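Okay, structure first, notes after.
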Amino acid sequence: MPTDSHAGDSRRITYLEALAEALDQEMARNPDVLVLGEDIGGEFGGAFKATKGLWQKYGEHRVINTPMAELGFTGMATGMALAGLRPVIEMQFADFISTAFDAIVQYAASTHYIWQGAVPWTIRAPADGGTSSGPFHSQNPEAWFAHVPGLKVICPGTPADVKGLLTSAIRDNNPVIFFESKTLYRSLRGPVPPGEHLVPIGKARQARPGADLTIITYGAMLQSALAAAEELAGEDIEAAVLDLRTVKPLDTDQILESVKATGKALIVHAANRMMGCGAEVAALIAEECFEYLDAPVRRLGGLDTPVPFSPPLEQAYRPDAERIAAAARDLDAW
């Protein structure tokens with residue numbers, strides 16, 4: 001049972017194929033696992049085809065088409081979980097999760113604290129922009145839920161981590177919100193073990209070593225950070241890239257270890273910078289690593305506006321490799 005998300009197999013599949021494989025394997029392994037959401041069954045297989053073929057294989061009692069009622073079917077999934085099932089809920093877009101906020105935050109997240117009940121559901125939330133889809137189909141709302149006790153929040157940035165972390169999420173007895181990057185679904189390929197593959201929740205991964213500064217990121221920004229680090233290496237700036245993978249719980253040990261080693265930290269996420277998850281990471285570093293820092297902690301995120309429809313405006317909205325590299329150069333020169 002491998003736990004290193006990038007070891008052991010040379011087979012390369014897409015981010016979306018890794019996601020679908022995790023769902024299929026967990027449904028085959030455990031009859032209590034079922035999936036539900038809008039248009040996920042029949043021949044359609046969901047807006048992004050993540051569930052295509054599952055309805056034919058497992059039937060309509062385990063692949064459940066729901067009405068357009070996120071609050072209703074999330075509440076229903078909470079009841080299923082309390083009864084011993086393991087529902088995997090697909091939000092058609094992460095933005096629509098706001099409709100289900102009450103069921104998630106007031107009920108599912110608090111159940112274990114109130115009466116020690118397990119709520120083993122997973123919400124799959126296709127997030128991120130880059131597709132000119134505008135403000136209702138492009139948000140990265142992970143910070144809304146990272147603030148809530150009782151929830152786990154995962155943001156994978158590689159195909160191997162999609163498979164390994166989704167498998168771990170489905171098997172977890174806590175409610176987990178699993179933010180997927182739509183922009184990576186078909187654009188990113190990587191090595192993924194074909195069999196059972198688990199990645200532990202709450203463990204960061206050093207995606208690239210480096211001694212001059214640490215770039216801390218997660219989700220879609222991982223690939224941009226790695227591209228920036230490659231560019232910087234040609235300028236004799238060695239940037240370590242730390243992939244958080246999970247923003248709740250945070251791997252504080254690896255964050256602090258990396259920043260203590262380099263003395264400089266740049267935190268990057270696609271969500272708007274204001275009150276984003278990067279603020280928590282920056283506060284942690286300021287409190288625990290102050291004497292190790294050679295420069296102020298820097299944050300890079302989206303603009304504090306709705307996500308634009310216009311392709312050039314959307315490109316200006318979110319960080320890219322060029323802006324990450326520029327911020328890293330400024331930090332290195334401090």
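Since this is a predicted model, take the numbers as computed values, not measurements.
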Separation between CE (Met91) and CZ (Phe178), nearest 0.5 Å, reads 15.0 Å
The complete set of side-chain hydrogen bond (donor to acceptor under 3.5 Å, both in side chains) pairs with one or both residues in residues 284-298, sequence neighbours excluded, reads none
With a 6.0 Å cut-off (strictly less than), is the heavy-atom count around CH2 of Trp144, excluding the residue itself, greater than 12?
yes
Checklist entry - Same cluster or not: are Val88 and Trp121 linked, directly or through other Ile, Leu, Val, Met, Phe, Trp or Tyr residues, by side-chain heavy atoms under 4.5 angstrom apart? => result no
Legend entry - hydrophobic_cluster_shared for Ile123 and Tyr185, side chain cutoff 4.5 Å: no
(Q) Could you check whether atom CD of Glu322 has more than 12 heavy atoms from other residues, nucleotides or ligands sitting under 6.0 Å from it? (A) no
Correct closest heavy-atom pair for Glu142 and Cys155 would be CB-SG, 4.1 Å
So CG of Leu244 and CD1 of Ile267: to nearest 0.5 Å the spacing works out to 9.0 Å
Worksheet item: Glu235 versus Arg329: any side-chain heavy-atom pair under 4.5 Å?
Response: yes
From the list Leu166, Ile154, Ile170, Leu165, side chain to side chain contact (heavy atoms under 4.5 Å, CB included) with Val176 holds only for Ile154
### Query
So if you build clusters from Ile, Leu, Val, Met, Phe, Trp, Tyr with side-chain heavy-atom gaps below 4.5 Å, do Ile237 and Val268 land together?
yes
Step through the shown structure and confirm whether more than 12 heavy atoms of other residues, nucleotides or ligands are within 6.0 Å of CD on Glu238.
yes
The salt bridge (charged side-chain N to carboxylate O under 4.0 Å, His left out) partners of Glu17 (sequence neighbours excluded) come to Arg189
Atom CD of residue position Glu230 - does it have more than 12 heavy atoms of other residues, nucleotides or ligands inside 6.0 Å? no
(message) Students often mix this up, so state it plainly: with edges at 30° and 60°, are the rings of Phe101 and Phe145 parallel, tilted or perpendicular?
(response) tilted
Interatomic distance, CZ@Arg12 vs CG@Leu188, rounded to 0.5 Å, equals 8.0 Å
Using a 4.5 Å cut-off on heavy atoms from C-beta on, say whether the side chain of Asp212 contacts that of Asp236.
no
Criterion side chain to side chain contact (heavy atoms under 4.5 Å, CB included) on Ile201 and Asn174, from CA distance to verdict:
CA-CA 11 Å; Ile201 296 172; Asn174 301 279; over 6 Å; no
Just checking Phe309 against Phe136, ring centres under 6.0 Å apart? no
Does atom CD of Gln315 have more than 12 heavy-atom neighbours, drawn from other residues, nucleotides or ligands, at distances under 6.0 Å?
no
Exercise for the section: Could you check Arg171 against Leu198 for side chain to side chain contact (heavy atoms under 4.5 Å, CB included), going step by step and ending with a plain yes or no? Expected result: CA-CA 10 Å; Arg171 297 186 190 185; Leu198 290 161; 3.6 Å; yes
| said: Using the rule that Ile, Leu, Val, Met, Phe, Trp and Tyr join whenever any side-chain heavy atoms are under 4.5 Å apart, tell me whether Phe96 and Val307 fall into a single cluster. | reply: no
Any side-chain heavy atom of Asp251 within less than 4.5 Å of one from Leu242? no
Closest non-hydrogen atoms of Ala220 and Ser181, given as atom of the first, atom of the second and distance, are CB-OG, 3.3 Å
Q.
Between Leu226 and Arg208, is there a side-chain heavy-atom distance shorter than 4.5 Å?
A. yes
Heavy-atom nearest pair, Ala229 first then Ala239, reads CB-O, 4.0 Å
Check your understanding: Are Val241 and Val247 in one and the same hydrophobic cluster, where Ile, Leu, Val, Met, Phe, Trp and Tyr link if side-chain heavy atoms are under 4.5 Å apart?
Key -> no
Handout entry: Residues Arg86, Glu26: salt bridge by 4.0 Å N-O rule
Key = no
- prompt: Any side-chain heavy-atom pair from His112 and Asn173 closer than 4.5 angstrom?
  reply: no
Handout entry: side chain to side chain contact (heavy atoms under 4.5 Å, CB included) between His197 and Glu21, intermediate numbers included
Key = CA-CA 10 Å; His197 177 54; Glu21 189 168 270; over 6 Å; no
So, do Phe44 and Glu38 sit near enough that their side-chain heavy atoms are less than 4.5 Å apart? no
Paired with Asp161, the side chain to side chain contact (heavy atoms under 4.5 Å, CB included) test is passed by just one of Thr246, Val192, Val199, Leu222, namely Val199
I would like to know whether Arg29 and Thr167 meet side chain to side chain contact (heavy atoms under 4.5 Å, CB included); could you show each step before the answer? CA-CA 11 Å; Arg29 189 189 72 89; Thr167 301; over 6 Å; no
**Report entry** Minimum side-chain heavy-atom gap Ile40-Trp55 below 4.5 Å
**Finding:** no
For residues 41-60, the salt bridge (Lys or Arg N to Asp or Glu O under 4.0 Å) pairs (sequence neighbours left out) are Asp24-Lys57
Here the pair of heavy atoms bringing Pro159 nearest to Ala18 is O-CB, 3.2 Å
query: How about Val35 and Glu90: do any of their side-chain heavy atoms sit closer than 4.5 Å?
result: no
Heavy-atom nearest pair, Ala282 first then Val297, reads CB-CG1, 3.9 Å
The reported gap from CD in Gln139 to OG in Ser98 (rounded to nearest 0.5 angstrom) is 7.5 Å
Correct closest heavy-atom pair for Asn140 and Ala270 would be ND2-CB, 3.8 Å
**Message:** Do the side chains of Arg318 and Asp128 get close enough for a salt bridge, i.e. N-O under 4.0 angstrom?
**Reply:** yes
